[in-house]
Q: 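Got a structure here, written out as structure tokens. Questions coming.
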Amino acid sequence: MTLFSSEVSPQHSSESPSSSHPDIQRVREFLLDLQARICAALEQQESAGGSSARFVPDDWTRAEGGGGRSCVLQGGTVIEKGGVMFSHIDIKNLPASATARHPHIAGAKAQALGVSLVIHPNNPYVPTSHANVRLFVAEKEGQPPIWWFGGGFDLTPFYPEEADCVAWHQVAHDLCQPFGEDVYPRFKGWCDEYFYLKHRDEQRGIGGLFFDDVNTESMGWDFETCFAFMQAVGNGYLQAIIPLFQKYQDKPYGEREREFQLYRRGRYVEYNLVYDRGTLFGLQTGGRIESILVSLPNLAGWSYRQEWETDSPEARLTQYFLKPREWLDS
């Protein structure tokens, strides 16, 4: 598998959910490999920027069962703070964030495994990016496993260019295409709905893909096809983000751009602490706080009634870019 490959052939099947069992070990192996490849690719960007900063691995376990590896890079020339996290945990008491949407799994034992990441670059012209791919498996005695995949990736730029927004969504569209014409518009729309700050009436960024509850019941795909889609999304993140680092990480900027970056990071923090389902799930399951909150930047800002000139790049971010739109029609 090449570094940027997102071509995984779907295998459609008429299997029922009860006869399509999840291969947890194979998913785990892919996730660990994905984490290693993403860290290596981002470290290459640090090296290109003249930095020797590297992701520091931190292996951990939890009393209830399972654990993970948190890889964090701080203080780099290119990346101010980045976390690429793998976890595989056992859950004995499912939290409300899981059973509210799936009351039929109340009382079941469960496993959750995935890779999640948030990368906060130094340069304001390089967007903040987020990606997540995961598998959830619930089991009740005497019943077949109930499983689903979730994940996606999304982009939060501060000084966006329309061509870059189109390119980001083109990657998302192309990786979805082998799985059906309706997959990209469905999960693109879900991303626009999910990454929305209701109290600000504002999108968090320019979107991408968001999906959850992907299994045989919801998509008509067998386990292999669902897993193939998850792999395509995980691999697609690098294909979409590395060109943006290469294009902008050395671009000159000043105090104004840095101030605006910190101000907009405040919105990112608001979203993750108020709305993010993954943060809520981690806190409700007694997760490792350092890993749950690693998505927050080291520095962010909140200015009272901050205003920007009407025709400025800063104002255009919210007036034009942070609106749900069909980027591929641009």
Side-chain angles (χ1 to χ4, degrees), residues 45 49 74-82 118-131 153-172 188-189 191-210 240-276 295-330:
Q45 296 309 123
Q74 298 185 91
T77 299
V78 175
I79 297 170
E80 186 171 338
K81 182 183 180 183
V118 175
I119 306 298
H120 295 286
N122 274 307
N123 195 312
Y125 290 105
V126 182
T128 287
S129 58
H130 160 259
F153 54 69
D154 64 283
L155 196 69
T156 305
F158 309 109
Y159 290 95
E161 295 289 341
E162 188 155 342
D164 298 324
C165 300
V166 172
W168 178 265
H169 278 273
Q170 191 68 57
V171 172
K188 186 268 183 192
C191 189
D192 289 338
E193 292 176 9
Y194 183 73
F195 292 108
Y196 171 67
L197 285 82
K198 299 180 182 68
H199 64 283
R200 299 279 190 182
D201 188 22
E202 186 177 282
Q203 302 300 125
R204 188 174 82 171
I206 60 123
L209 298 172
F210 179 89
I241 195 61
I242 293 300
L244 296 176
F245 274 99
Q246 294 171 339
K247 188 174 181 179
Y248 294 115
Q249 69 182 46
D250 296 322
K251 183 172 179 175
Y253 65 90
E255 291 184 11
R256 177 189 177 102
E257 290 78 16
R258 176 62 168 170
E259 178 187 357
F260 185 63
Q261 179 193 45
L262 297 183
Y263 173 68
R264 292 304 308 179
R265 280 182 181 175
R267 296 287 204 274
Y268 206 91
V269 172
E270 289 178 22
Y271 181 87
N272 279 23
L273 293 182
V274 176
Y275 298 114
D276 185 71
S295 63
L296 304 182
N298 286 352
L299 297 174
W302 285 267
S303 300
Y304 182 70
R305 299 191 66 182
Q306 183 75 48
E307 295 181 1
W308 309 93
E309 300 90 340
T310 302
D311 59 349
S312 67
E314 292 82 7
R316 193 164 186 259
L317 175 69
T318 52
Q319 292 169 358
Y320 179 76
F321 286 95
L322 299 189
K323 308 287 185 184
R325 65 179 66 250
E326 299 305 320
W327 291 104
L328 298 186
D329 294 337
S330 298

Q: Any side-chain heavy atom of Pro127 within less than 4.5 Å of one from Thr156?
A: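 The answer is no, as the side chains (C-beta and beyond) never meet within the 4.5 Å cut-off.
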Q: Of all residues at least two apart in sequence or in a different chain, which pass the side-chain contact (heavy atoms from CB on, under 4.5 Å) check with Val269?
A: Leu273, Leu296, Pro297, Ala300, Trp302
Q: Mind checking what makes ring-ring contact (aromatic ring centres under 6.0 Å, His included) contact with Phe158, not counting sequence neighbours?
A: none
Q: Heavy atoms only: give me the nearest Gln203-Leu197 pair and the separation to one decimal.
A: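 That closest heavy-atom pairing would be C-CD1, 4.3 Å.
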Q: Tell me if a side-chain donor or acceptor on Asn122 pairs with a main-chain N or O of Thr77 at a distance below 3.5 Å.
A: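 At least one qualifying donor-acceptor pair exists.
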Q: To the nearest 0.5 Å, what is the distance between OG1 on Thr128 and CZ on Arg267?
A: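 It is 14.0 Å, given to the nearest 0.5 Å.
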Q: Which residues pass the salt bridge (charged side-chain N to carboxylate O under 4.0 Å, His left out) test with Asp192, not counting sequence neighbours?
A: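 If we apply the salt bridge (charged side-chain N to carboxylate O under 4.0 Å, His left out) test to Asp192, skipping adjacent residues, the hits are Lys188.
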Q: Would you compute the distance between atom CZ of Arg204 and atom CD of Glu270 and round it to the nearest 0.5 angstrom?
A: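 Answer for the CZ-CD pair, Arg204 versus Glu270, is 12.0 Å.
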Q: Take Ile241 and Ile119 through the side chain to side chain contact (heavy atoms under 4.5 Å, CB included) test and state the conclusion after the steps.
A: CA-CA 10 Å; Ile241 195 61; Ile119 306 298; over 6 Å; no
Q: Nearest 0.5 angstrom please: Asn272 CG to Ser295 OG, how far?
A: 4.0 Å
Q: I need the Glu202 CD to Tyr196 OH distance, nearest 0.5 Å.
A: 9.5 Å
Q: Does Gln74 have any side-chain hydrogen bond (donor to acceptor under 3.5 Å, both in side chains) partners at least two apart in sequence or in another chain, and if so, which?
A: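 Per chain and number, Gln74 pairs via side-chain hydrogen bond (donor to acceptor under 3.5 Å, both in side chains) with Asn298.
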Q: Any side-chain heavy atom of Asp250 within less than 4.5 Å of one from Phe245?
A: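 No, too far: nothing below the 4.5 Å cut-off.
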Q: Would you compute the distance between atom CH2 of Trp327 and atom CD of Gln170 and round it to the nearest 0.5 angstrom?
A: 14.0 Å
Q: Side chain to side chain contact (heavy atoms under 4.5 Å, CB included), that's the test. Do Phe321 and Cys165 meet it? Break it down for me.
A: CA-CA 9 Å; Phe321 286 95; Cys165 300; 3.9 Å; yes
Q: Among side-chain atoms of Tyr320 and Glu162, is any donor-acceptor pair under 3.5 angstrom?
A: yes
Q: Measure the spacing between CZ of Arg316 and CG of Leu322 and express it to the nearest 0.5 Å.
A: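 So the gap between those two atoms works out to 11.5 Å.
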Q: State which residues pass ring-ring contact (aromatic ring centres under 6.0 Å, His included) with Tyr253; sequence neighbours excluded, sorted by chain then number.
A: none
Q: Should Pro121 and Val78 count as side-chain neighbours, where that means a heavy-atom distance under 4.5 Å?
A: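 SC-SC contact between Pro121 and Val78 ruled out.
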Q: According to ring-ring contact (aromatic ring centres under 6.0 Å, His included), who are the partners of Tyr248, at least two apart in sequence or on a separate chain?
A: none
Q: With a 4.5 Å heavy-atom cut-off, do Pro157 and Ile206 have their side chains touching?
A: yes
Q: Quick one: list whatever passes side-chain hydrogen bond (donor to acceptor under 3.5 Å, both in side chains) with Lys247, sequence neighbours left out.
A: Asp164
Q: Indicate yes or no: at least one non-hydrogen side-chain atom of Leu209 is less than 4.5 angstrom from one of Cys191.
A: no
Q: Phe210 versus Phe153: any side-chain heavy-atom pair under 4.5 Å?
A: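 The answer is no; the side chains never approach within 4.5 Å.
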Q: Which residues pass the side-chain hydrogen bond (donor to acceptor under 3.5 Å, both in side chains) test with Ser303, not counting sequence neighbours?
A: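 Ser303 satisfies side-chain hydrogen bond (donor to acceptor under 3.5 Å, both in side chains) with Gln306 only.
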Q: Taking only residues two or more places apart in sequence, or in another chain, which ones meet Arg258 in a salt bridge (charged side-chain N to carboxylate O under 4.0 Å, His left out)?
A: Glu80
Q: Take Glu314 and Tyr159 through the side chain to side chain donor-acceptor pair (under 3.5 Å) test and state the conclusion after the steps.
A: CA-CA 7 Å; Glu314 292 82 7; Tyr159 290 95; 2.6 Å; yes
Q: Would you please test Tyr125 and Leu244 for side chain to side chain contact (heavy atoms under 4.5 Å, CB included) and show each step?
A: CA-CA 9 Å; Tyr125 290 105; Leu244 296 176; over 6 Å; no
Q: Restricting to side-chain hydrogen bond (donor to acceptor under 3.5 Å, both in side chains), what partner residues turn up for Trp308, sequence neighbours left out?
A: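 Checked Trp308 against side-chain hydrogen bond (donor to acceptor under 3.5 Å, both in side chains); zero matches.
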Q: Just jot down the salt bridge (charged side-chain N to carboxylate O under 4.0 Å, His left out) partners of Glu161, sequence neighbours excluded, or say none.
A: none
Q: Is the distance from the ring center of His130 to that of Phe195 below 6.0 Å?
A: yes
Q: Side chains of Tyr271 and His199: donor-acceptor distance under 3.5 Å anywhere?
A: no
Q: Is the backbone N or O of Asn123 less than 3.5 Å from a side-chain atom of Gln249, with the two atoms forming a donor-acceptor pair by type?
A: no
Q: Would you mind reporting whether Thr318 and Lys323 have side-chain heavy atoms less than 4.5 Å apart?
A: no
Q: What pairs with Glu309 under salt bridge (charged side-chain N to carboxylate O under 4.0 Å, His left out), at least two apart in sequence or on another chain?
A: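 Partners of Glu309 by the salt bridge (charged side-chain N to carboxylate O under 4.0 Å, His left out) criterion, ordered by chain and then number, come out as Arg256.
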